[in-house]
Structure formats: structure tokens, C-alpha cells
Number of protein chains: 4
Amino acid sequence: MVQIAVARSGPRSQEKRAEILRRAADAFRRRGFHATGMRDIARSLGMTPGALYYYFRSKGDLLYFCQQHSLRRLLGEGRAILSRPGGEGEKLRTLIRAHVETLLDETGGSAAHLEVRALPSGRRPWILAQRDAYETTLRRLITRGVRSGAFRPVDPKLAALAILGAVNGIVLWWKPEGPRRPAEIAGAFAEVLVGGLER
Amino acid sequence: MVQIAVARSGPRSQEKRAEILRRAADAFRRRGFHATGMRDIARSLGMTPGALYYYFRSKGDLLYFCQQHSLRRLLGEGRAILSRPGGEGEKLRTLIRAHVETLLDETGGSAAHLEVRALPSGRRPWILAQRDAYETTLRRLITRGVRSGAFRPVDPKLAALAILGAVNGIVLWWKPEGPRRPAEIAGAFAEVLVGGLER
Amino acid sequence: MVQIAVARSGPRSQEKRAEILRRAADAFRRRGFHATGMRDIARSLGMTPGALYYYFRSKGDLLYFCQQHSLRRLLGEGRAILSRPGGEGEKLRTLIRAHVETLLDETGGSAAHLEVRALPSGRRPWILAQRDAYETTLRRLITRGVRSGAFRPVDPKLAALAILGAVNGIVLWWKPEGPRRPAEIAGAFAEVLVGGLER
Amino acid sequence: MVQIAVARSGPRSQEKRAEILRRAADAFRRRGFHATGMRDIARSLGMTPGALYYYFRSKGDLLYFCQQHSLRRLLGEGRAILSRPGGEGEKLRTLIRAHVETLLDETGGSAAHLEVRALPSGRRPWILAQRDAYETTLRRLITRGVRSGAFRPVDPKLAALAILGAVNGIVLWWKPEGPRRPAEIAGAFAEVLVGGLER
DNA sequence: TATGAATGAGATTTCATTCAT
DNA sequence: TATGAATGAAATCTCATTCAT
């Protein structure tokens, strides 16, 4: 089930596909989609550019599967968190922490879900739908918190966007070799962002 | 004084330069720097691509001056706000509102200051310095608030990055033709983001 | 009569035309025809590129008139030298010295007659004819010297080309600010080319 | 050993690289570097312009490797000649003949070492150094001849430049399809430049 | 006479992609 | 499965030239 994100079209080794996605995601995150060439990705894998096309149809598909992987994981975690018992504040903190840690999880190579504009148009709808679903999950949690009185009466949509912007923005400055560990960042962001909602 | 950002190299009408920058910034914001061609910018101005080079040395320079314009304005406003009397909470709200409105001010054509990676290397240091200066301004305000007891004991650097991520992220989804006015967004973000810091 | 090379089409100040040609020739000599832009020439004159077109039809024409000027002078001197009394050896030495000094005469700005390939096709025949005429003059002098016994029995055409190659090549390395004066070079070349190296 | 000039960066068949260099050198020699487009070179090889970039990084590099090839060969021959026994006059004649034949050797595709100004700045120092080394070789031979009394007391530097100018100038007028064979030209030039014209 | 502005053709170069082997 | 080689479209940029003023 875990491999669904990656498994496709028969024999093509899933491991290799996953490895490629990891490197691609890493490159996209560091340099941006357009500034990253297939050459760069291939070189970082010790392959030739042509070989990548045995595993993926196009550069756009590479981006698509990166984002798919990311979003699937985020959405899974998000829904799991929502369905647990507990107060909205605590749930939201947990969700933000999970989001940050997923984003910065190097081995997962995720975090490429920002450059939606670069997606091949045929792939975009699916990603947008998933992204909306995730945003909806988040918004629903906020709405509940507002209703229950746990949160102040904010506009849930804008609050959700503020939170997403803050956490997604991390990838623009964070570097694995930098001083801050993901958990530290995750905790601080959860505190600052949820504190603003709670009464 | 506003035009300083734009005035350079003799006659080359500043108005035209400003007009070009506006359109370029708009295009960069919508499609991203790499996905925007000189053709696109020229067409939106009713010019030929070559004509742009009469006003700007390169596409990278176009980005540079967009960012310069943006940052100059943000920094000016930021410093002005800090030097006024008042509590840190209120100042921070004002600063966030000003930031959002600057970012979304279409006629200013600003908001392109996100794609630092795409800057020509010779131009990057200046932009990074200005960006750091702005971040420092924000961090300093937060630090003061923490010291004065107005804010909770957060890590000022991470708090600043959370706020900046949230507000800068707006340009990724906001469209002039959408339902929300800049002022509305500005107010909501200020509330959510500052509320999290205040005791 | 002297101005014929430059005077054309009525009022257009001949002085200005001459001044432009001097600068153009200088630029062509230093950087080569293709690497020299109309901008460069205009800037060195304190003009705008457009203004040059008031005086000359095209960049190719600029080259043409430079070469015309050069060749006219060389040919005039060459013929004068030939018609004087004296031995062929001495005449050839004088001709070489005159050629070198003309070539390196900065104020004359000549020496641009090397890049024949760059001439507009309509202008080429005239230049080629003049160049041939000059070469013929030189060849004739050598032929006479061979006949008179002053020179060894060389192939006059190849000998002429050797001499021309040697002297024209000077512009590829000589710089006004360098240590050698034109007269010094002229003398040395005349000696080596006419007298040879061996005793 | 000959291929060292060409061997680089892995497989990229050296034969193809050499073939490209030959054509490029030929085109540069005929039309000049700036007047030769990558299109021209590609067409003469039955390729697309883009394909050239699989073998060479840039047009400037094409020029660089042409010159490198030329200079390596010239320098090798020059040094070999100097180290042989014999009188300076005879050695100089041999060197000039070798130089001319190398220059006009079509299959070698050499002779492009004149347009130093067009070299990419990073490549220029190497070429200039090699060129200086060659000139030094020649100058040294002349100096020895002067000391030994075989040559008249000329300025060795200027004499060397005269000889180089004469032989390099050949490429400006020589065409493979013309009437004179390289050996004929080589002999005549050697005779005139070493023996002079006068008896 | 000269300028600011613009044009349009062309140059080099990049890059995702393909394909025979 | 993978590679070397090649393609072709597009991108940025340059530059001689024109033209209204």
C-alpha cells in the first residue's frame, strides 16, 4: 500500500523509481524546478539523462510524483490526526509538527509540492484536488475549533492559508546542514501559529 | 524619491522603465521567473522583446529591480513603523498589514522578491543584504516584545520566519480578480499571526 | 583633391566624416571589424549610433572608406617611389618604410584594409582592384630588380606577398603605447625583407 | 599522442571531435571567426547546430582547440628542428617550410591560430603562452645565427615578427583550389625570408 | 544635425526528449 | 536497462539599422 505512490507499469523496479524521486525532489527543493535539469538529476544518481526516461515519462511527471508522494503522506497524517480524540488546539499543533517534519524529511525527499504551476496540465487537477483536500482538512479543524470555542473567531480559510504559507515557506530557507533540527522548528512553528488562534 | 529605485543611466524615460517593471513583476508573480519569457513581458507591453533591452540589460536585471523596488518600500515602511511610539503588538500588526498591502499592490508591481535564486550572481548580495535587514527589523521588534512582556517567550528568529513565510506565501495563491481584497487579507493575517505571540 | 576620398554628397561636413573614419579605423584595427559595434564607434566620438548614419550609409561603408583612404595613400606613395630614379633595392626599402609608417600613422587611422571579407559585396570590387593595383606596383618593382640583376631570381608574386604579409601583420601586434616607434620598425622590416638575414 | 589535443571528457568519439575541428578551422580560415556561424559549421558536417554542443562547450572552445592543435604541432616541429645539427640558415629555412606546410595542411585543419582576440578570456592565456613559446623558439634561432655570424646583425625580435607575419599572412589569400601548392609557397617564402632579395 | 526609441533578423546556447543499439 | 548521440524548439540577447521629432 505504501508503494502505490511509486509502483506503476510492471517490472520497472520500484526501488529505483523511489530513489530517483528522492533525488529529484531534493534537487527541485534546492534549486527550483525550472533551474534543475534532467542532467542534474541523472548525474546525482550516476545515470545518463536518457535512463531517467525508462522510469518516468517526463520531467513534469517527476515533479508530479514527487508532489503526489508528499501530498499523500500529508493527507494521510492529517486525517489520522483529525480522527483522534482531543482538543482542537492540540490537534492543530500535532498537525503542524507532522507537516514540518514531513517537509524536512530528507529521505522522504518530499516538499516539492509547491511548484504547482510547473506541473503538466494533465496532472495538475489531481494535485490541486489533493492539495485542496489537505487544505480542507486543515480548515475543518480550524472551523471546529472556532465553533467549540477553543479558537478565536477567525476566518478559517485565511487562517489555514496563513499556517500553510508559514510552514511551506520553511523549505525556502532551511538547509539540512544548517543549525536547526526539524523537530525544533516544528515545535516553534506549532506554538507560534496555534497560539494565535487559541483564546 | 520613489523613483530612485528606477532612475538609472540617463534619459531612458523613468516612466517607461517603471511601467516595464510593473508588468514584469506581475508576470513573475503569476508564472514564476523561469516560466516567464521576455516575449511574454514584451507582448504584455505591446513591445518587441528586443526593445526591453533598451531599458534593462537582462532578464535578471528585470528581476533585480523588481525586488529592489519591493524591498526598498518594505524596509522603509518597516523602519518607520518601528520608530513610532506604541506597543509591540500593535506595531507588529501594522507592519504585517503594511507588508501584505505592499505585496499585493498591483500598481507597485512589487512582490517579486521571492525568487532570490534566479538573481544574477552579481546582484544577489545587495538583495540578500536588504532582505536580511528587513528580517532583522522584524526580529528586533519581536525581541523587544518578548523583553517587554508583551509577547510570549518565543524564539524571535523562528517567529519572524513564520510570519514572513505566511505573508510572502500569499502571492502564491492570491489573484487580483479573486474575491478577497488586500486589506481584508492583511487584517486577518495580522490578527492570526500576532495573536499567537501575545500573552 | 586630397579630400576626394572623403568628400561626398554635398554639405555633410568633410571634417566630421574624416574624424569618424579615423575613430572607426582605430577601433577596427584594435578589435577587428566584427567585434566593433556602431555603438563603440559612436561612443568614442561622443555621438549616438544613429548619428553615424547621417554621415555613412552603413557599417560596411565605414570599413570601405577606411580602406579606400588607406589604399589611396599607399598607392600614391608607391607610384611616386617607383617613378623616382634609383636602384630597385633602395626603392623597395623606401616603399616598405612608407607602407609601415602609413599603417601605423595613428592620425591617419588607416590600416583597416585587411578585412576584405567584411566589405559589402558591392564595394569589394573597387577595393580588390586597388589592392591588386598596389600589389602589382610592388610586384613590378621586384620584377625589375630581378631583371636588372639587383635581386635574386625569386618569384615576384610570392615575394610581393611575403613582403605584404610581413608588413600588414604588424598591425596585429603593434600598439601605439608600446616601446617601438614606427620608424624603427619600418627600418628593421625594410632591412630584413630586402636584404634578408644571411650574409 | 597527437590526439591529446582532442581527447577530453570521456567517450565523445575523438574522431568526430577531430572532424568537427577540421571543418571549423576551415570555416574560420575562409570566412573569419565572427563571420562563421555555428550553423555554417554544423551544415558543413551534416549536423544540427545543437549537436555541436555535445562535443564542444561553445564556439569559443572550437576556436581554442583549433589553435591549440595548430600551436602544438608548430611548437613540436620548431623544437625538433632547433635541436638538430646544422647551420642556422638551413634550420630557419626548414622551420619556415614546416610552418607553411602545417598552416596549409587542410586535413590538419589548423591555421586558425590568428584570431586570438576572439578566444574566450579563460582560454586566452594558454594560447598566448604557447604562441610566445613559439615566437621565442624562432627568436632564439635568429639570435644564434646573428652570434655565429651566419646572419647579419638584425634585431631578432623584429626579424621574427617579420617572418611570422609573412607566413601567417598566407592564410589570408591562399585557397586550396588555387594554383600554388603548399610546398611551392613554402620554398619560396623560406628563400625570400632567409636569403632576402638582394644578391 | 542629432537623438531617443524601436525593430527585426540572427546569433549562440540550453534542454527535454528520442532512439538505435 | 542503459548509453551515446542527436534533434528541434525555444530562450536570451545583440546589433545594424530606421525613423519621427
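As a basis for the values below, the full set of heavy atoms in this structure was taken, side chains included, without hydrogen atoms, waters or symmetry mates. For clarity, every value in this text was computed on a predicted model and none was experimentally measured. Here is how names work: the chains are called A, B, and so on, in the same order as the sequence lines, proteins then strands, and each is numbered from 1.
- Considering only side-chain N and O atoms, D:Y53 lies nowhere under 4.0 angstrom from the phosphate OP1 or OP2 of F:dT7.
- Counting only distance, with no hydrogens or angles, the side chain of B:R117 and the backbone of A:R30 share a donor-acceptor pair below 3.5 Å.
- For D:T48, whose side chain is taken as the heavy atoms from C-beta onward, the closest listed nucleotide among F:dA6, F:dG4, F:dA16 is F:dA6.
- Comparing C:M47 and D:G60 by the nucleotide of DNA chain E whose heavy atom lies nearest to each, the residue mapping closer to the 5' end is C:M47.
- Across F:dA2, E:dT12, E:dA6, the shortest atom-to-atom separation from the side chain of A:A51 is found for F:dA2.
- Phosphate proximity of E:dT7 to B:Y54: absent, as no side-chain N or O sits under 4.0 Å from OP1 or OP2.
- The side chain of C:S58 lies closest to F:dT17, out of E:dA2, E:dT12, F:dT17.
- In this structure, the side chain of C:R31 does not engage the main chain of C:T36 through any donor-acceptor pair within 3.5 Å.
- Ring-plane geometry between C:F65 and C:F56 is classed as tilted, the angle between the planes lying from 30 to 60 degrees on a 0 to 90 degree scale.
- Comparing E:dT17, E:dA5, E:dT13 against the side chain of D:M38 picks out E:dT13 as the nearest.
- Shown here, F:dA20 forms a base pair with E:dT3; the pair counts as Watson-Crick or G-U wobble because both key distances fall under 3.5 Å.
- Base pairing of F:dT12 is made with E:dA11, judged by Watson-Crick or G-U wobble geometry with both donor-acceptor distances under 3.5 Å.
- Summarising the geometry, the separation between CG on C:D40 and P on F:dA16 is reported as 8 Å, rounded to the nearest angstrom.
- With respect to A:D26, the side chain to side chain donor-acceptor pair (under 3.5 Å) criterion is satisfied by exactly one of A:R22, A:R23, A:R29: A:R29.
- Mapping D:L52 and C:R39 onto DNA chain F by nearest heavy atom places D:L52 closer to the 5' end of the strand.
- Side-chain proximity of D:S13 to the nucleotides F:dT12, F:dT7, F:dA5 is greatest for F:dA5.
- OP1 or OP2 of F:dA2 has at least one side-chain nitrogen or oxygen of A:K16 nearer than 4.0 Å.
- If C:G50 and D:P49 are placed on DNA chain E by their nearest nucleotide, the residue sitting closer to the 5' end is C:G50.
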